[in-house]
Each structure stands twice: as structure tokens, then as C-alpha cells.
> 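Once you've had a glance at the structure underneath, I'll fire off some questions.
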Amino acid sequence: YDVSSWSDHPGGNVIFTTVGEDATDVFAAFHAGTSFSFLKEFEIGTLDVENTSKELVVTEKQSAFEAAYRKLRVDMIREGLFNASLTWYFLKMLELTCILGVAFFIACHAGGSWLLNTLCSTIVAL
């Protein structure tokens, strides 16, 4: 894949940190499964391992590591560990709104009290 002309990558220049290397696992770690459909426009060919410099060929140890990593990722996907829960996000936002509401309530009723202002600041910091 040649992404050298993609200057508006949402992640910025991080896209160029694996130039000249196999970025399969890095890509999979930081992108949703739907992102794979965008790769087609950047595809420029298939690596010919037989005619590749020995420095670019992956060792057996590295290959085993990558295979284990990919298996782990597949297992985690199968278990649903990457599925977003809208209920969880709703409850998290509700929790944060309540914390902020309590902090503002304390701030409005602190009446110049150093202790209450400190409590309010602590709650907001949480």
C-alpha cells in the first residue's frame, strides 16, 4: 500500500511511522474493521517474498509473534470485546453530568467557604 500522498489522514503523520515495514498489525490495532474497505484505493501490488531483500523478510520468531497476536485479536473480536455499548456511553455521560451538577451546586452554595470550594474543585477534577 502506498499512502505517501495521503496528507489528510485523520491520525496525522502517524501514518508514516511504519514506512517500508509490514503495518498490518499496527493498522488492525488502531482501526475499526470497516476501515479495511478504504485500503483498496492505496493498494499498489503484492509483495514478492521470493525476490525481496533478506532484511525485509520476517524471521520465524517474528512470524510466530504476529500469528499469536492476530489469533488473540480474532479471539477478542469473537468475544465481543471491541463492540461498543451505547448503554454504557449513555450511563457514563449521565454519571459525568451528575458529578458536574453536584460540583456546580456546591460552588453556587459555597458562600466563600474555602473548604466547600476545595471540595467542588476536587469533584470537578474527578
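Everything numeric in this text was worked out from a predicted model, so none of it was measured.
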> Does any part of the side chain of H9, heavy atoms only, come nearer than 4.5 Å to the side chain of V14, both counted from C-beta?
yes

> Between C120 and A103, which heavy-atom pair has the shortest distance, and what is it?
SG-O, 2.9 Å

> Return the set of residues passing side-chain contact (heavy atoms from CB on, under 4.5 Å) with W114 (not counting sequence neighbours), or none when no residue passes.
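Applying side-chain contact (heavy atoms from CB on, under 4.5 Å) to W114 gives T118.
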
> What distance separates I123 CD1 from C98 SG, expressed to the nearest 0.5 Å?
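Reported to 0.5 Å precision, the distance equals 12.0 Å.
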
> According to ring pair (Phe, Tyr, Trp, His ring centres under 6.0 Å), does anything in residues 68-107 pair up with another residue at least two apart or in another chain? List the pairs.
F105-H109

> Looking at side-chain heavy atoms only, is the closest gap between T24 and E66 below 4.5 Å?
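No, too far: nothing below the 4.5 Å cut-off.
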
> Using the rule that Ile, Leu, Val, Met, Phe, Trp and Tyr join whenever any side-chain heavy atoms are under 4.5 Å apart, tell me whether L81 and I77 fall into a single cluster.
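Yes; I77 is reachable from L81 via cluster members.
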
> Is there a path of hydrophobic side-chain contacts, each under 4.5 Å between heavy atoms, that joins L119 and I99?
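In one cluster: yes.
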
> Supply the atom-to-atom distance L94 CG to T87 OG1, rounded to the nearest 0.5 angstrom.
12.0 Å

> NE2/H31 to CG/L39 distance, rounded to the nearest 0.5 angstrom?
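Spacing of NE2 (H31) from CG (L39) equals 8.0 Å.
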
> Is the CD atom of E43 crowded by more than 12 outside heavy atoms at less than 6.0 Å?
yes

> Quick one: pull up CD1 in I106 and CG in L116 and give me the separation to the nearest 0.5 Å.
7.0 Å

> Are more than 12 heavy atoms, taken from residues, nucleotides or ligands other than L72, located less than 6.0 Å from that residue's CG atom?
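It does: L72 CG has more than 12 such atoms within range.
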
> Can you name the residues that form a ring-ring contact (aromatic ring centres under 6.0 Å, His included) with F42, not counting sequence neighbours?
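Scan of F42 (ring-ring contact (aromatic ring centres under 6.0 Å, His included), adjacent residues dropped) gives W6.
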
> Consider only side-chain heavy atoms of I, L, V, M, F, W and Y, link residues closer than 4.5 Å, and tell whether F36 and I15 are in one cluster.
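Yes, because F36 and I15 connect within a single hydrophobic cluster, where side-chain heavy atoms sit under 4.5 Å apart.
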
> Just how far is it from atom CE of M93 to atom CG of L100, taken to the nearest 0.5 Å?
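These two atoms lie 10.0 Å from each other.
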
> Looking only at atom types and distance, does a side-chain atom of R73 sit under 3.5 Å from a main-chain N or O of A28, one as donor and one as acceptor?
yes

> With a 4.5 Å heavy-atom cut-off, do F27 and Y1 have their side chains touching?
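No, every pair of side-chain atoms sits at 4.5 Å or beyond.
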
> Kindly check if the number of other-residue, nucleotide or ligand heavy atoms within 6.0 Å of CG (N13) is above 12?
no

